[in-house]
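Values in this document were obtained by computation on a predicted structure and should not be read as measured data.
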Amino acid sequence: MRKTFSSLSVRNYRLFFYGQLVSLIGTWTQTVAQAWLVLRLSHNDGFALGLLAAAQFLPLLVLSPWAGLIADRFDKRRVLIATQTAMGILAGILAVLTIAGVVSLWMVFVLAMLLGLANAFDVPTRQAFVSEMVGSESLANAVGLNSSIFNAARIVGPAVGAVVIKLFDVGPCFAINSVSFAAVIAGLMMMRPEELQRKAPAVRARGQIREGLRYAWRIPVLRSTLFLVGVVGTLAFNFVVVLPLLARRDFHGDAGTYGLLTAVMGVGSLVGALITATRSRPTTMVLLVSCGLCGIAVLGAAAAPSLVTEIPALMLAGATSITFIATANTTLQLASAPEMRGRVMAIYVVLFLGSTPIGGPLIGWISGTYGARSGLAVGGVAAVVAAGLGTIGAARNGTLHLRIIGRAVVGTDPSTEPAAA
């Protein structure tokens with residue numbers, strides 16, 4: 001237990017951890033309510049759910065490279081205070097419109113896109129900020145704990161959302177989310193900036209975004225990890241699109257059923273995140289195996305014939321998926337030079353979250369036309385194939401058993417130095 005929660009001994013990270021926990025519960029409460037609101041306004045149209053995901057994540061696809069550069073140039077704590085404040089205001093606007101009874105589908109889409117705009121700058125900055133709070137030695141543990149609070153919130157948030165929807169409708173869920181941002185903003189403001197392990201910011205120059213892309217491409221471990229993240233993020237991580245349809249159409253349930261499916265997946269993810277947090281360093285083998293097992297688990301969820309069998313399948317999918325994504329996250333941060341980390345994590349955000357405008361509508365259309373199980377099956381097959389291709393590539397490069405410790409030399413030409421030391 002001491003090893004699992006070791007990063008909490010750092011005061012700044014502890015403030016961040018608890019603030020994020022409260023805020024993410026609000027986020028998941030809104031996620032459930034927003035999906036249910038879109039289904040209601042669109043008369044159960046799966047493609048509309050895909051469009052919602054696209055609207056929310058399109059800004060990440062377009063703007064994340066510039067957001068990563070901002071993360072490398074500016075004070076990350078101040079950037080996060082601004083983005084979290086903006087997201088809280090947007091949630092409050094949606095709450096007012098919904099409670100007043102004047103909300104329409106286009107309003108939900110516009111607000112989702114504005115939320116995505118704030119997220120485009122928030123996510124890469126937040127990812128890169130972790131290493132400033134805890135340093136490289138505790139980075140793997142902190143990333144695992146970040147995943148654990150995300151998934152603890154995914155257990156509590158949907159349950160809160162389902163209860164609030166049943167008692168009061170969807171509007172109060174958005175109000176809860178708006179208020180929850182105060183916790184993370186307060187935590188950021190209470191931090192001691194002098195205790196952050198900051199590196200010199202990137203100097204303004206021409207072509208820095210292209211420089212980040214070339215940098216990630218030249219280092220084999222970064223390139224292969226980003227490939228896996230891109231495939232899985234585009235085709236397999238579309239649960240926010242598939243699960244509402246699975247709950248309503250296949251299991252003939254209501255918001256409570258959707259909340260249950262999301263929560264049980266969160267339970268599995270929480271277990272996977274805590275196990276990942278005990279590992280001090282990621283390895284290529286763990287990354288590839290977790291990717292393949294994630295695909296197999298998602299295929300099991302697609303084949304589960306009843307709600308009783310769906311629950312353990314989704315729990316396993318949650319555990320393996322979060323192990324994969326937490327391992328990929330840590331690998332990218334440890335294998336990147338500090339002055340390039342924001343841009344590398346921006347590429348990660350583009351491939352993992354920014355790919356949703358492509359994968360969301362596609363999987364939404366497949367799920368709406370052929371059933372939610374078909375949407376899950378496509379993602380499961382994609383993850384298994386990606387893991388197979390990644391294994392072949394790692395075996396050829398001799399990196400199949402690589403243990404990612406960190407950059408051996410910072411600031412040298414990455415094409416001439418090893419991927420990890």
Taken in chain and number order and not counting sequence neighbours, the residues that satisfy salt bridge (charged side-chain N to carboxylate O under 4.0 Å, His left out) with Arg126 are Asp122
Please give me the minimum heavy-atom distance between Leu105 and Leu41, naming the atom from each residue. N-CD1, 3.8 Å
Not counting sequence neighbours, list each pair that qualifies as a side-chain hydrogen bond (donor to acceptor under 3.5 Å, both in side chains) and has a residue in residues 357-384. Asp250-Arg373, Trp365-Thr369
Which pairs, with at least one residue in residues 244-263 and sequence neighbours excluded, count as a ring pair (Phe, Tyr, Trp, His ring centres under 6.0 Å)? none
Residues which pass side chain to side chain contact (heavy atoms under 4.5 Å, CB included) with Val385, listed by chain and number, not counting sequence neighbours: Val381, Leu389
Who pairs with Arg78 by salt bridge (charged side-chain N to carboxylate O under 4.0 Å, His left out), at least two apart in sequence or on another chain? Asp75
On a heavy-atom basis, the closest approach of Ser180 and Asn177 is OG-O, 2.7 Å
In this structure, CG of Leu226 is separated from CG of Leu332 (nearest 0.5 Å) by 5.0 Å
Side chain to side chain contact (heavy atoms under 4.5 Å, CB included) with Val271: which residues, sequence neighbours excluded? Ile275
Are Thr83 and Asn119 side-chain neighbours, meaning at least one heavy-atom pair lies under 4.5 Å? no
Within a strict 4.5 Å, meaning less than it, do heavy atoms of the Thr85 and Phe181 side chains meet? no
Excluding sequence neighbours, so at least two apart, what forms side chain to side chain contact (heavy atoms under 4.5 Å, CB included) with Ala162? none
Could you check Glu132 against Lys76 for salt bridge (charged side-chain N to carboxylate O under 4.0 Å, His left out), going step by step and ending with a plain yes or no? CA-CA 9 Å; Glu132 286 193 2; Lys76 296 177 181 61; 2.9 Å; yes
So the side-chain hydrogen bond (donor to acceptor under 3.5 Å, both in side chains) pairs with at least one residue in residues 265-274 (sequence neighbours excluded) are Asn151-Ser269, Arg154-Ser269
Would you list the atom pairs, donor with acceptor, under 3.5 Å between side chains in residues 285-298 and any protein atom, with sequence neighbours excluded?
{"from": "Ser290", "atom 1": "OG", "to": "Val286", "atom 2": "O", "distance (Å)": "2.8"}
{"from": "Ser290", "atom 1": "OG", "to": "Leu287", "atom 2": "O", "distance (Å)": "3.0"}

Can you list everything that forms a side chain to side chain contact (heavy atoms under 4.5 Å, CB included) with Ala33? Sequence neighbours excluded, please. Ile165, Val170, Cys173, Phe174
For Ser23 and Gln84, work out which heavy atoms get closest and say how close. OG-OE1, 4.0 Å
Could I get the full list of salt bridge (charged side-chain N to carboxylate O under 4.0 Å, His left out) partners for Asp169, not counting sequence neighbours? Arg40
With a 4.5 Å heavy-atom cut-off, do Tyr215 and Leu222 have their side chains touching? yes
Measure from NZ or CZ of Arg343 to the centre of the six-membered ring of Trp66, then state whether that distance is under 6.0 Å and the direction lies within 45° of the axis. no
Please tabulate, one pair per line, all N/O donor-acceptor pairs under 3.5 Å involving side-chain atoms of residues 15-22, not counting sequence neighbours.
none

Taking every non-hydrogen atom, the tightest pair across Leu261 and Leu243: CD1-O, 4.1 Å
